[in-house]
Amino acid sequence: MVSTPYQILKGTRDFLPSQYIIRKKVVASIQQTFEEFGFEPMDTPALEYAETLEEKYGEEGARLIYKFTDRGGRDVALRYDLTVPLARAMAMYQVEKPFRRYQISPVWRADKPQKGRFREFWQCDADIVGSAETWADAEVIGLTHSALRKLGFKDFSIRVNNRKLLNGIALYGGIEKEQMASFFRSVDKSEKIGWEGVKSELFSKHFQTSAVEKTISMITEKGPGDDILEKLRQTLASIPIAVEAIAELEEIRRCLGSMGIEQNIHFDVSLARGLDYYTGPIFETVIEKPRIGSISGGGRFDDLIGTFSGDNIPATGTSLGLERIITIMEELDMLPANAAVSEVLVAVFDRSLVDLSFRVVSELRSAGIRSEIYLKEDRLKKQLNYANNKRIPLVVILGPDECQKGEAVLKDMRSGTQMSVSREELIRKVTQMLGEMVAPD
RNA sequence: GUGGGUGUAGCUCAGCUGGUUAGAGCACUGGGUUGUGGCCCCAGAGGCCGAGGGUUCAAGUCCCUUCACUCACCCCA
């Protein structure tokens, strides 16, 4: 036999049932929260015209777009995120606004994989289209908060800032428009490399010493118990866009206060976010303990839809990174225990009694009980071992004795106890026992 | 795109300065149990030591090349 080489592309993964069952539970939890907030499901194609995606993410992002030519000579690209395709769709169709939708789908980036980073990964997006109010931003932040809480996260921090505030600060420091993105990208690293590190990076990028000192000292200046926003409002009083930004942030804070979720929210002037299309409030979630970048990121993108239709429609949204969430949950031992899909295994005593087993497994299935019949002629020992390894909680054994008496042996794999039940009673008994085994998760 | 680490049994790994038949734990198979799993005991199977080339009397071990994986940077979910 000739073996052919087989492997999967770097940064992609196969999901075997043991992982995928858990993964689906995490997705189901997030989806449930999204729907609890009234967001409705939507999907778009994985493949778009390259033109649709290009020049939406900035220089860095553009390099990472998977792009190729199809058989018809068209330039196509795999979606890089779920936000730009949403914007394209919103430009194409009329929907009732304010519109809230969610989408849980894979996206592709030609990145170099590392911990919590893949080339094919899933994003869980929730967006609101058609509301320019900060309420919408607050709603999305609140949603992020709820989704994480439902998954069991407690120690997380949702950092919130406003692009307009950053613009105001840059204006105040006399930084050129073209250099702003680069400037704030450095500022964004303060938590990682410290403010001195940021400064030296900015100097090496040839920013004016005066501009750097002026802006950084303002951002970092905090007295004990001071309110950052209040302080900035005074300093930046002469910059209208900054004043506006601060008012927005305070409104968001009020809304979040009404939702009673202020404890995990932190206003952070150093937060910048890399994507080009953000125009207003921006936010991301970081977890301190196992540190692997952000697990959610989002913000307002009021001009993005307009790049397609010419008609700007305000929009805001967030994206939860499924694999990062799962990676952290794994490290923190927060994942639900893996359980079998089958609730009952119907053993096959031997070849001559397979018909009986098929009859019983059919009855169980008709009663809505997830059941499988063992599909080889193996010794009972082997079949029970199979149930044990797969964590199937109940086994039904139908041997010659049971066949004769019209009974079945019902075995509880957790306790090891078993009993004989008449065939008529079997379904009722199985249902009852499954009901008693309330899954801990 | 830049830099570091690692490739030995299905999985996790050991293998000292190159030296004869390459090891462990878990998993697997058979037996101890005649219709019964988990624990225990006994036995067994399973490796071109990632691939290619080189140095040497001798290479899992040293050198070169290549592929793969992984971590960090950039950027990001």
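Sequence lines set the chain letters: A, B, ... in the order given, protein chains first and strands last, and positions in each chain run from 1.
Residue pairs satisfying the ring-ring contact (aromatic ring centres under 6.0 Å, His included) criterion with at least one member in residues 312-333 of chain A, sequence neighbours excluded, are absent. For residues 396-424 of chain A, the set of pairs meeting the ring-ring contact (aromatic ring centres under 6.0 Å, His included) definition, not counting sequence neighbours, is empty. For residues 103-122 of chain A, the salt bridge (Lys or Arg N to Asp or Glu O under 4.0 Å) pairs, not counting sequence neighbours, are A/Asp111-A/Arg117, A/Lys115-A/Glu331.
Shown here for A/Leu353 and A/Gly399, the closest heavy-atom pair between the two residues is CD1-C, 3.7 Å.
Not counting sequence neighbours, the partners of A/Phe156 by the ring pair (Phe, Tyr, Trp, His ring centres under 6.0 Å) test are A/His145. Under the ring pair (Phe, Tyr, Trp, His ring centres under 6.0 Å) criterion, A/Phe203 pairs with no residue, sequence neighbours left out. Scored by the ring pair (Phe, Tyr, Trp, His ring centres under 6.0 Å) test, A/Phe34 finds A/Tyr102 as partners (sequence neighbours excluded). In this structure A/Arg63 satisfies the side chain to side chain contact (heavy atoms under 4.5 Å, CB included) test together with A/Glu60, sequence neighbours excluded. Partners of A/Tyr386 according to the ring pair (Phe, Tyr, Trp, His ring centres under 6.0 Å) rule, which considers only residues two or more places apart in sequence or in another chain, are A/Tyr374.
Atom OH in A/Tyr374 sits roughly 13 Å away from atom C1' in B/U36 (whole-Å rounding). Rounded to a whole Å, the OH atom of A/Tyr386 is 14 Å from the P atom of B/C28. What separates CG of A/Asp378 from P of B/C28 is a distance of 13 Å, to the nearest Å. In this entry the distance linking CZ of A/Arg379 with P of B/G37 reads 9 Å, nearest Å. As rounded to whole Å, 18 Å separates atom C1' of B/C28 from atom NZ of A/Lys390. Regarding A/Leu384, its CG atom lies at a distance of 18 Å from the P atom of B/U33, rounded to whole Å.
Spacing between B/A77 and B/G60 at atom P, rounded to whole Å, works out to 48 Å. Comparing the C1' positions of B/G53 and B/C71 gives an interatomic distance of 29 Å, to the nearest angstrom. For the C1' atoms, the distance linking B/C48 with B/G7 amounts to 16 Å, nearest Å. Across the C1' atoms, B/G19 and B/A9 are found 24 Å apart, a figure rounded to whole Å. Distance noted for atom C1' between B/U36 and B/G15: 42 Å (whole Å). One C1' atom belongs to B/G23, the other to B/G46, and the distance between them is 13 Å to the nearest Å. Nucleotides B/U61 and B/G18 are separated by 11 Å at their P atoms, to the nearest Å. Across the C1' atoms, B/U70 and B/C16 are found 27 Å apart, a figure rounded to whole Å.
Going from atom CG of A/Leu320 over to atom CD1 of A/Ile325 covers 4.5 Å, rounded to the nearest 0.5 Å.
Annotation: A/Phe15, atom CZ; neighbour count of heavy atoms from other residues, nucleotides and ligands within 6.0 Å is above 12.
Look at A/Lys382 and you'll find a side-chain N or O under 4.0 angstrom from OP1 or OP2 of B/U29. Regarding contacts with the backbone of B/C69, every side-chain N or O of A/Arg13 stays at 4.0 angstrom or more from both OP1 and OP2.
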For RNA chain B, the dot-bracket notation using Watson-Crick and G-U wobble pairs below 3.5 Å, [ ] for pseudoknot-type crossings and | for other-strand pairs, is (((((((..((((.....[...)))).(((((.......))))).....(((((..]....))))))))))))....

Validation: residues 169-180 of chain A side-chain donor-acceptor distances under 3.5 Å, sequence neighbours left out:
none

Detail all sub-3.5 Å separations between protein N/O atoms and N/O atoms belonging to nucleotides 38-40 of chain B.
{"from": "B/G38", "atom 1": "O4'", "to": "A/Asn388", "atom 2": "ND2", "distance (Å)": "3.3"}
{"from": "B/G38", "atom 1": "N2", "to": "A/Arg414", "atom 2": "O", "distance (Å)": "2.9"}

Protein-to-nucleotide contact annotation, 5' to 3' order, nucleotides 71-77 of chain B [B base; S sugar-phosphate only; - none; under 4.0 Å, heavy atom] = SBBBBBB

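Between A/Thr83 and A/Ser319 there is no side-chain heavy-atom pair separated by less than 4.5 Å.
If you check distances only, the side chain of A/Gln383 never reaches the base of B/U36 with a donor-acceptor pair under 3.5 Å.
Within 4.0 Å (heavy atoms only), A/Asn389 reaches sugar-phosphate atoms of the nucleic acid but no base atom.
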